[in-house]
Amino acid sequence: MFTGIIEATGTLTELVSKQGDLTVRVTSNTLNMHDVKLGDSIATNGVCLTVVEKFNDGFKADLSNETLQLTLFAHYKLGQKVNLEKALQPISRLGGHLVSGHVDGIATIDSVYKNARATEYWLKAPEELMKYIPYKGSVAIDGISLTVNEIKENKFKLTIVPHTAQETTIVDFQVGTQINLEVDQISRYLERLIQGTHTPTSESTLTTNLLAKAGFIK
């Protein structure tokens, strides 16, 4: 489990295909590896990866075909810059929101605007995920916990202050950039609870009537 508060950035310095899937090496001069053990989880551009080999300046991880199909890792090249966050400890401050590192889909930067010292990004998301992205709710983009400031159809707006841009890969975002998107977990759990024992489908059965019947709204 993660918070979406990025600890460091790193670079993909090895990409090795192995029997149909991928092993990557992430190198970082700013991520403290002292307390990292084999088997620990590190969110890498929002994807929860397991450390299979550890170095003073980074780690190696294996990516399954499932991960390659659902994230942008299949398209990353050597030198790709990534956001890094070690797994949450119970004594840590929850500075962002609960992030699982399980990517839900891919979003695309649709437009970029300056607003005083901040930068506003409009992102286009898959239509099936927009129902899980509420106004003033939380999302994780490439592992960064951010607040949704506006919604229009299948787009949502994020306002990025200079510090966040400088400490993450957002500084390199531009129109057309694709990112890993994870929606807030609460909405997914709520939908599953209301579905009860029914088998989940790709189409949501979450309706206002169901929410009212379950006592979530009046």
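What you are looking at is a predicted structure, and each value in this text was computed from that prediction instead of being measured.
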Taking C-beta and beyond as the side chain, do Leu31 and Lys86 meet within less than 4.5 Å on heavy atoms? yes

Short N-O contact, Lys18 and Asp62, less than 4.0 angstrom: no

Membership question, hydrophobic clusters at under 4.5 Å side-chain separation (ILVMFWY): are Leu146 and Val82 in the same one? no

Quick check: are there more than 12 heavy atoms from other residues, nucleotides or ligands sitting under 6.0 Å from CD1 of Ile186? no

Say whether, by atom type as modelled, one donor and one acceptor occur between the side chain of Asn83 and the main chain of Gly46 under 3.5 angstrom. no

Check whether Phe55 and Leu12 end up in the same hydrophobic cluster, where Ile, Leu, Val, Met, Phe, Trp and Tyr are linked by side-chain heavy atoms less than 4.5 Å apart. no

Tyr76 side chain to Asn45 side chain, donor-acceptor N/O pair below 3.5 angstrom: yes

For residues Leu84 and Ile6, report the shortest heavy-atom separation together with the two atoms involved. O-CG2, 3.5 Å

Shortest non-hydrogen contact from Lys81 toward Thr9: CE-OG1, 3.6 Å

Are more than 12 heavy atoms from other residues, nucleotides or ligands located less than 6.0 Å from atom NZ of Lys155? no

Identified side-chain contact (heavy atoms from CB on, under 4.5 Å) partner of Leu63 from the options Thr44, Thr23, Leu15, Leu49: Leu49

Hey, is CG on Asn29 packed in by over 12 heavy atoms from elsewhere, all under 6.0 Å? no

Shortest non-hydrogen separation from Leu68 to Ala74 and the atoms involved: O-CB, 3.7 Å

Quick test of your reading of the model: are Asp57 and Arg25 salt-bridged, counting only N-O distances below 4.0 Å? yes

Given Asp184 and Ser138, is the side chain to side chain donor-acceptor pair (under 3.5 Å) satisfied, shown in steps? CA-CA 6 Å; Asp184 188 66; Ser138 297; 5.1 Å; no

Side-chain contact, heavy-atom cut-off 4.5 Å: Ile133 with Leu181? yes

Rounded to the nearest 0.5 Å, how far apart are CG of Asp40 and CE of Met33? 8.5 Å

Just verifying a value: how many Å separate Glu14 CD and Thr27 OG1, rounded to the nearest 0.5 Å? 7.5 Å

Flag side-chain contact, heavy atom, 4.5 Å: Val171 against Gln166: no

Reported OG1-to-CG distance for the pair Thr177 and Asp110, which is rounded to 0.5 angstrom: 11.5 Å

Test item: Phe59 and Val36 side chains (from C-beta on) under 4.5 Å apart, heavy atoms: no

Within this structure, what is the CD-OG distance for the pair Glu85 and Ser41, rounded to the nearest 0.5 Å? 11.0 Å

Atom CG of Asp104 and atom CG of Leu129: how far apart are they, to the nearest 0.5 Å? 5.5 Å

If you group Ile, Leu, Val, Met, Phe, Trp and Tyr by side-chain heavy-atom gaps below 4.5 Å, do Ile42 and Leu38 land in one group? yes

OH of Tyr135 to NZ of Lys157, rounded to nearest 0.5 Å, is 8.5 Å

Exercise: identify the closest heavy-atom pair between Gly20 and Asn65: O-OD1, 2.9 Å

Check whether any side-chain heavy atom of Ile106 sits under 4.5 Å from a side-chain heavy atom of Asn180, and report yes or no. yes

Tell me, yes or no, whether the heavy-atom count around Asp35 atom CG, taken from other residues, nucleotides or ligands under 6.0 Å, exceeds 12. yes

Work out which heavy atom in Val103 is nearest to a heavy atom in Val47; give both atom names and the distance. CG2-CG2, 3.8 Å

In terms of heavy-atom contacts, does NZ of Lys37 have more than 12 from other residues, nucleotides or ligands at under 6.0 Å? no

Linked, directly or transitively: Ile179 and Val175 (ILVMFWY side chains, under 4.5 Å): yes

With clusters defined by side-chain heavy atoms of hydrophobic residues (ILVMFWY) lying less than 4.5 Å apart, directly or transitively, does Leu70 cluster with Phe73? no

Residues 113-123, side-chain donor-acceptor partners within the protein, below 3.5 Å, at least two apart:
{"from": "Lys114", "atom 1": "NZ", "to": "Thr119", "atom 2": "OG1", "distance (Å)": "3.3"}
{"from": "Asn115", "atom 1": "ND2", "to": "Glu120", "atom 2": "OE2", "distance (Å)": "2.8"}

Does any part of the side chain of Glu7, heavy atoms only, come nearer than 4.5 Å to the side chain of Asn32, both counted from C-beta? no

Please tell me if the side chains of Lys124 and Ile109 come closer than 4.5 Å, counting only heavy atoms from C-beta onward. no

Are Val139 and Leu158 side-chain neighbours, meaning at least one heavy-atom pair lies under 4.5 Å? yes

Shortest non-hydrogen contact from Glu182 to Val99? OE1-CG1, 3.3 Å

